[in-house]
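Step one of this worksheet: look at the structure below.
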Amino acid sequence: DTEVTQTPKHLVMGMTNKKSLKCEQHMGHRAMYWYKQKAKKPPELMFVYSYEKLSINESVPSRFSPECPNSSLLNLHLHALQPEDSALYLCASSLGGRRFGNSPLHFGNGTRLTVT
Amino acid sequence: GNSVTQMEGPVTLSEEAFLTINCTYTATGYPSLFWYVQYPGEGLQLLLKATKADDKGSNKGFEATYRKETTSFHLEKGSVQVSDSAVYFCALSENQGGSEKLVFGKGTKLTVNP
């Protein structure tokens, strides 16, 4: 069982819908990540939060909006997506902080998103 | 920038065969190196890691040694099982402002037949 929980597991949405992906961890990790994974490809980094502040945005389109309400939760708000945004969206967390440099990431099982 | 090159599959083996998946990296500094595994329908799981030269990571019969002189981190297992069928990703880690940026290889799909 993964220690990073993502909901929902599957999501189908139209191009005019607004939806949110949720991620939760209770390992005391202070860095949280959103990745996008297309079929047969490695994950691509989208956003990183470090101590609840956005620290990395990999030039992601504004139709994806991340939010970190507290140290255990991470959301990804979706609006006006395109069919090419269909993918597996993975959340991950790590210890975070320079003191724990190069600590491994713990991934959730992802949300399979289909945009119609 | 930093990069990871790994052997592209797919790799198909019979049960109890020996496995090697090659991985080489290009990096400034001394990154940590990881192997992640992704089973069908799941997220990525950390398989093993090494944080400095000559470190050997091991888990579930898999091993990889951090070789600075050849910039490699090859994954090996002496006797694979059907349950090892998955996609394997080699990755290096860059610490940026207190968070980890993973650079992944393209992944290698392994199928083990009974």
Side-chain angles (χ1 to χ4, degrees), chain A residues 1-6 9-10 21 23 25 27 29-58 68 74 87-112, chain B residues 1-10 23 25 27 29-53 55 57 59 64 66 73 86-111:
Chain A
D1 286 340
T2 180
E3 295 165 314
V4 176
T5 304
Q6 290 188 244
K9 289 189 187 330
H10 301 275
L21 309 185
C23 174
Q25 58 86 16
M27 295 178 281
H29 289 176
R30 302 310 298 271
M32 295 187 77
Y33 309 75
W34 280 116
Y35 281 84
K36 173 183 178 180
Q37 187 179 26
K38 300 285 269 185
K40 300 186 181 180
K41 298 286 186 185
E44 298 172 17
L45 182 64
M46 299 174 73
F47 303 103
V48 183
Y49 275 82
S50 179
Y51 288 80
E52 295 141 61
K53 288 187 169 41
L54 184 65
S55 62
I56 297 176
N57 176 342
E58 292 285 287
C68 188
L74 186 66
L88 180 68
Y89 288 83
L90 293 164
C91 175
S93 68
S94 69
L95 280 168
R98 294 183 191 280
R99 186 176 159 205
F100 300 106
N102 296 322
S103 61
L105 269 64
H106 296 250
F107 285 85
N109 282 332
T111 293
R112 177 75 58 188
Chain B
N2 295 348
S3 66
V4 173
T5 302
Q6 73 178 96
M7 156 184 167
E8 289 189 44
C23 172
Y25 67 91
Y30 304 99
S32 289
L33 301 174
F34 303 88
W35 277 100
Y36 282 87
V37 59
Q38 187 172 30
Y39 299 101
E42 297 185 10
L44 277 71
Q45 298 177 23
L46 177 67
L47 182 59
L48 52 85
K49 67 173 184 175
T51 57
K52 60 183 187 296
D55 265 4
N59 186 25
Y66 191 142
F73 192 55
V87 179
Y88 292 81
F89 292 97
C90 184
L92 65 80
S93 179
E94 308 169 329
N95 187 273
Q96 287 191 8
S99 53
E100 305 302 327
K101 189 168 180 180
L102 282 177
V103 177
F104 286 99
K106 290 187 176 180
T108 303
K109 182 175 181 180
L110 170 67
T111 301

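FYI, side chains are in, hydrogens and waters are out, and symmetry mates aren't considered; it's all heavy atoms of this structure. Bear in mind that the values here come from a model prediction, so they are computed numbers and not experimental data. Numbered from 1 within each chain, the chains take letters A, B, ... in sequence-line order.
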query = Going by the angle between their ring planes, with limits at 30° and 60°, are A:Y35 and A:F107 parallel, tilted or perpendicular?
reply =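 A:Y35 and A:F107: tilted rings.
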Counting only heavy atoms closer than 4.5 Å, note whether [X] contacts chain B via side chain, backbone, both or neither.
X      : value
A:L105 : both
A:Q6   : neither
A:Q37  : side chain

key: N/O donor-acceptor pair under 3.5 Å between A:N57 side chain and A:F47 backbone   =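 A pair under 3.5 Å: no.
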Main-chain N/O of B:F73 paired with B:W35 side-chain donor or acceptor, under 3.5 Å =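 A pair under 3.5 Å: yes.
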message = Just to verify, what does B:T108 make a side-chain hydrogen bond (donor to acceptor under 3.5 Å, both in side chains) with, not counting sequence neighbours?
response =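 If we apply the side-chain hydrogen bond (donor to acceptor under 3.5 Å, both in side chains) test to B:T108, skipping adjacent residues, the hits are B:Q6.
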key: Results of side-chain hydrogen bond (donor to acceptor under 3.5 Å, both in side chains) for A:K9 - residues two or more places apart only   =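 With sequence neighbours excluded, A:K9 shows a side-chain hydrogen bond (donor to acceptor under 3.5 Å, both in side chains) to no residue whatsoever.
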task = Give, as side chain, backbone, both or neither, the part of B:Y36 having an atom under 4.5 angstrom from any heavy atom of chain A.
result =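 It is the side chain, since no backbone atom gets that close.
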message = At a 4.5 Å cut-off on heavy atoms, which part of B:Q45 comes close to chain A: side chain, backbone, both, or neither?
response =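 Neither part; nothing is under 4.5 Å.
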